[in-house]
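Worksheet for the structure shown next.
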2 protein chains.
Amino acid sequence: MQSLLELRHLKTLAAIRDAGSLTRAAERLFLTQSALSHQLRQLEAHYGLPLFARKTAPLKLTPAGDKLVQLADAVLPMIANAEREVAKLREGEAGSLRIAVECHTCFDWLMPAMDTFRERWPEVELDIVSGFHADPVQLLFEDRADLAIVSVPEAETGIAHLPLFAYDMVALLARDHPLAAKAYLEAADFADETLITYPVPDDMLDLVRQVLRPAGINPKRRTTELTVAILQLVASRRGVAALPGWSVQHYLERDYVAARPITATGLRAELNAAVLQDRAGTAYLQDFVAIVREVCVAELPGIQLTGA
Amino acid sequence: MQSLLELRHLKTLAAIRDAGSLTRAAERLFLTQSALSHQLRQLEAHYGLPLFARKTAPLKLTPAGDKLVQLADAVLPMIANAEREVAKLREGEAGSLRIAVECHTCFDWLMPAMDTFRERWPEVELDIVSGFHADPVQLLFEDRADLAIVSVPEAETGIAHLPLFAYDMVALLARDHPLAAKAYLEAADFADETLITYPVPDDMLDLVRQVLRPAGINPKRRTTELTVAILQLVASRRGVAALPGWSVQHYLERDYVAARPITATGLRAELNAAVLQDRAGTAYLQDFVAIVREVCVAELPGIQLTGA
DNA sequence: GAAAATAATGAGTTTGAATCATATTAGGCT
DNA sequence: AGCCTAATATGATTCAAACTCATTATTTTC
């Protein structure tokens with residue numbers, strides 16, 4: 001009759017509620033579906049009551065399950081808070097988090113993440129390193145930034161890369177564009193198109209670096225700073241573009257433009273947070289990464305959290 | 001950097017704070033001192049901070065330890081509450097807890113325990129079965145009581161015994177009584193004394209049942225209902241008595257009377273809660289037992305929790 | 001200072017949580 | 001219907017880590 005319940009169980013229950021299924025909850029927790037099924041089974045046996053109504057999708061909470069999930073919602077933030085407090089005792093309250101961003105679309109999720117961070121670490125000086133920088137990692141060494149959002153984690157001594165998430169790039173076409181007839185686009189398809197991109201070096205454009213350049217294809221270019229402007233140009237048949245799937249979901253649902261996978265296997269991209277190796281253990285840096293992952297998994301469709 | 005913390009750790013930290021030492025905390029948790037030492041070590045390594053200031057007795061909390069213990073104080077009651085709520089969903093809110101008591105001194109701790117119970121289970125009808133009963137277990141079968149506090153757990157079919165705690169009986173003597181010169185009393189020492197007891201059958205008097213009767217000794221008797229009256233009579237040299245150590249600590253500190261162990265090894269007694277076997281799983285009955293144990297371990301000196 | 005109590009440590013054992021591989025069940029589709 | 005696909009359940013196995021045991025080190029007490 002000992003209380004079997006551990007925090008692990010509360011995390012699991014909350015994750016199932018959030019994810020709506022064991023399988024997806026398992027992914028988020030970096031466990032197997034089997035593990036969650038066993039856990040749930042054990043809990044239900046212990047309490048002598050079902051906690052979720054199965055045979056329904058999404059899984060629905062029973063009253064008993066609801067009680068425990070409510071408990072989780074109350075308790076887990078308190079745990080996280082206390083652990084932050086302990087980290088502050090260890091490292092002191094102060095510090096700065098100057099964020100360097102090389103990816104234009106990242107501002108979508110960066111703002112809500114920064115809002116949450118500001119609440120949790122009010123003493124940490126929070127800033128975005130303004131202006132555009134070809135090599136944001138360099139800013140870390142120059143002590144002009146504390147964390148850089150980068151897509152290619154090229155191993156560099158003294159730099160640690162903390163995984164954020166991965167996603168697929170999609171090609172954007174006018175709805176009546178001839179290429180929209182294809183199930184997916186290949187490098188050759190871009191040869192005679194105008195490619196609309198952000199005004200950044202080619203190295204930072206996943207499509208160019210991973211698809212076009214290897215195939216020796218170099219289409220005409222047009223650049224603009226704003227995501228909406230890119231969408232606008234594509235819609236008015238001035239060219240094609242490649243953007244993260246999550247950044248254009250909104251427009252796709254409204255049928256502004258068409259989207260197609262790039263190559264048969266898709267064009268996978270990922271984002272990482274780069275920090276100085278020495279500071280990788282700092283609690284508030286790690287917590288910022290955790291916040292970004294939380295925000296993004298909740299708000300961005302079709303992304304996968306990376307790393308352990 | 002995963003959060004290592006589990007409820008187990010919070011329970012441990014709170015227990016160490018309450019007990020003041022690893023050894024005593026380990027007893028309460030039914031673990032070894034080694035287990036707690038390892039746990040603590042791991043937590044401190046994880047947080048990179050000491051949680052208790054060692055080399056001091058009682059162990060004192062560091063600021064970091066304090067944060068986590070505060071967390072435990074906030075979280076653990078919430079957990080217990082939620083689990084009670086789930087039990088109520090399973091078993092329904094209603095029910096009755098009519099308590100039969102054969103031990104006069106038990107009222108000392110029974111009242112605070114009942115107060116706590118009433119808070120936690122407001123829907124359960126709570127009562128003490130009034131009047132004195134030679135065989136309280138019989139009341140369970142007759143459905144006149146739901147739980148009986150008994151000292152001798154004689155195996156009876158249909159009855160389950162839930163362990164409460166164990167303690168030593170002490171012999172009480174006037175401060176200047178000749179026997180007070182002895183380090184401990186034996187059966188023979190009672191032969192020429194007047195024994196002051198509660199007015200109950202001999203079977204319920206641990207001293208008679210376990211020490212005097214086996215030795216064939218049957219001293220003069222005098223009975224009274226009230227513990228204070230027994231103390232009064234002992235102090236005024238009208239006789240000697242045997243009471244649980246925990247029930248007279250208060251008077252001993254004030255030097256009203258002297259206390260001595262009974263036999264060289266002490267006279268050990270224990271209390272159990274008897275319930276109908278069928279109802280032994282009922283949540284509120286189990287919780288009442290848990291409450292009694294909590295209250296008693298906190299308030300009664302020199303007792304040991306029994307059972308697992 | 002010696003003895004007793006308490007905590008720390010390291011090796012060894014055991015438990016149980018997670019995984020892997022597979023069976024079962026539910027839901028969607030023609 | 002009936003098949004196919006996706007999701008969950010189950011049982012056996014693996015493996016990590018929590019605990020105990022035996023011992024040493026440290027601290028408290030008299």
Side-chain angles (χ1 to χ4, degrees), chain A residues 1-62 65 68 72 302 304-305 307-308, chain B residues 1-62 65 68 72 183 301-302 304 308:
Chain A
M1 314 300 138
Q2 274 277 62
S3 171
L4 165 95
L5 196 70
E6 282 292 346
L7 291 179
R8 161 168 37 94
H9 298 118
L10 295 182
K11 288 174 190 159
T12 295
L13 292 175
I16 296 176
R17 187 264 323 265
D18 293 341
S21 87
L22 294 196
T23 312
R24 264 173 314 220
E27 279 169 25
R28 281 200 209 185
L29 296 170
F30 297 100
L31 292 174
T32 60
Q33 173 269 323
S34 179
L36 297 207
S37 180
H38 281 296
Q39 257 188 42
L40 199 52
R41 186 180 152 76
Q42 195 192 15
L43 280 177
E44 294 185 330
H46 180 250
Y47 290 114
L49 284 171
L51 300 177
F52 287 92
R54 319 305 169 77
K55 338 210 160 193
T56 87
L59 252 45
K60 206 167 157 287
L61 286 163
T62 64
L68 292 180
Q304 296 89 42
L305 292 179
Chain B
M1 312 299 136
Q2 274 279 62
S3 170
L4 164 97
L5 196 70
E6 283 292 346
L7 290 180
R8 163 169 36 94
H9 298 118
L10 294 183
K11 288 173 190 160
T12 295
L13 292 175
I16 296 176
R17 187 265 320 267
D18 292 343
S21 86
L22 294 197
T23 311
R24 264 176 314 225
E27 280 169 24
R28 282 201 210 185
L29 297 171
F30 297 100
L31 292 173
T32 59
Q33 172 269 322
S34 179
L36 298 206
S37 180
H38 282 297
Q39 256 189 43
L40 200 52
R41 187 179 150 76
Q42 196 193 13
L43 281 177
E44 294 185 330
H46 180 251
Y47 290 113
L49 284 172
L51 300 178
F52 287 93
R54 318 305 167 78
K55 339 209 161 191
T56 86
L59 251 45
K60 208 166 157 287
L61 286 162
T62 64
L68 291 180
Q304 296 89 43

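Predicted model only: the values in this text are computed from it and were never measured. Order of the sequence lines fixes the chain letters, A, B, ..., with proteins taken first and strands second; residue numbering starts at 1 for each chain.
Looking only at side-chain heavy atoms (C-beta outward), L40(A) and T12(A) stay at 4.5 Å or farther from each other. Inter-residue side-chain proximity for L61(A) and L51(A) is flagged as unmet; no heavy-atom pair is nearer than 4.5 Å.
One can place CG of L7(B) at 14 Å from P of dA18(D), the figure rounded to the nearest angstrom. One atom, CD of E27(A), and another, P of dT8(D), lie 11 Å apart when rounded to the nearest Å. The CG-P distance, from L40(B) to dA8(C), rounds to 7 Å in whole Å. Atom P of nucleotide dA5(C) and atom CG of L59(B) are separated by 18 Å, given to the nearest angstrom. Between K60(A) atom NZ and dT8(D) atom P the separation is 17 Å, expressed in whole Å. Atom CG in L22(A) sits roughly 13 Å away from atom C1' in dT10(D) (whole-Å rounding). To the nearest angstrom, P of dA18(D) lies 7 Å from CG of L4(B). Here the C1' atom of nucleotide dC19(D) and the CD atom of E6(B) are 16 Å apart, to the nearest Å.
Between P50(A) and T62(A), the closest heavy-atom pair is O-OG1, 2.7 Å. Contact between F52(A) and L13(A) at its shortest, heavy atoms only, is CE1-CD2, 3.7 Å. G20(B) approaches R24(B) most closely through the heavy-atom pair C-NH2, 4.2 Å. Here the closest heavy-atom approach between residue L7(B) and residue E6(A) is recorded as N-OE1, 2.7 Å. The two residues L29(A) and A15(A) have their closest heavy-atom pair at CD1-CB, 3.7 Å. Contact between A72(B) and A14(B) at its shortest, heavy atoms only, is CB-CB, 4.3 Å.
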Once each nucleotide of nucleotides 20-30 of chain D is scored for protein heavy atoms under 4.0 Å, what B/S/- sequence comes out, 5' to 3'? BB-----SS--

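Phosphate proximity of dT9(C) to S37(B): absent, as no side-chain N or O sits under 4.0 Å from OP1 or OP2. Within the structure, every side-chain polar atom (N or O) of Q39(B) is placed at least 4.0 Å from both OP1 and OP2 of dA18(D).
Here the side chain of H46(B) pairs a donor or acceptor atom with the backbone of Q2(B) at under 3.5 angstrom.
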For nucleotides 14-17 of chain D, which of its nitrogen or oxygen atoms have a protein nitrogen or oxygen under 3.5 Å away, and what is each distance?
none

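T23(B) and Q33(B) share no side-chain donor-acceptor pair at under 3.5 Å.
When the shell of 6.0 Å around CZ of R54(B) is examined, it contains more than 12 heavy atoms from other residues, nucleotides or ligands.
Over its length, the helix from dG1(C)-dC30(D) to dT30(C)-dA1(D) turns its helix axis by 40°, as judged from the five terminal pairs at each end, rounded to 10°.
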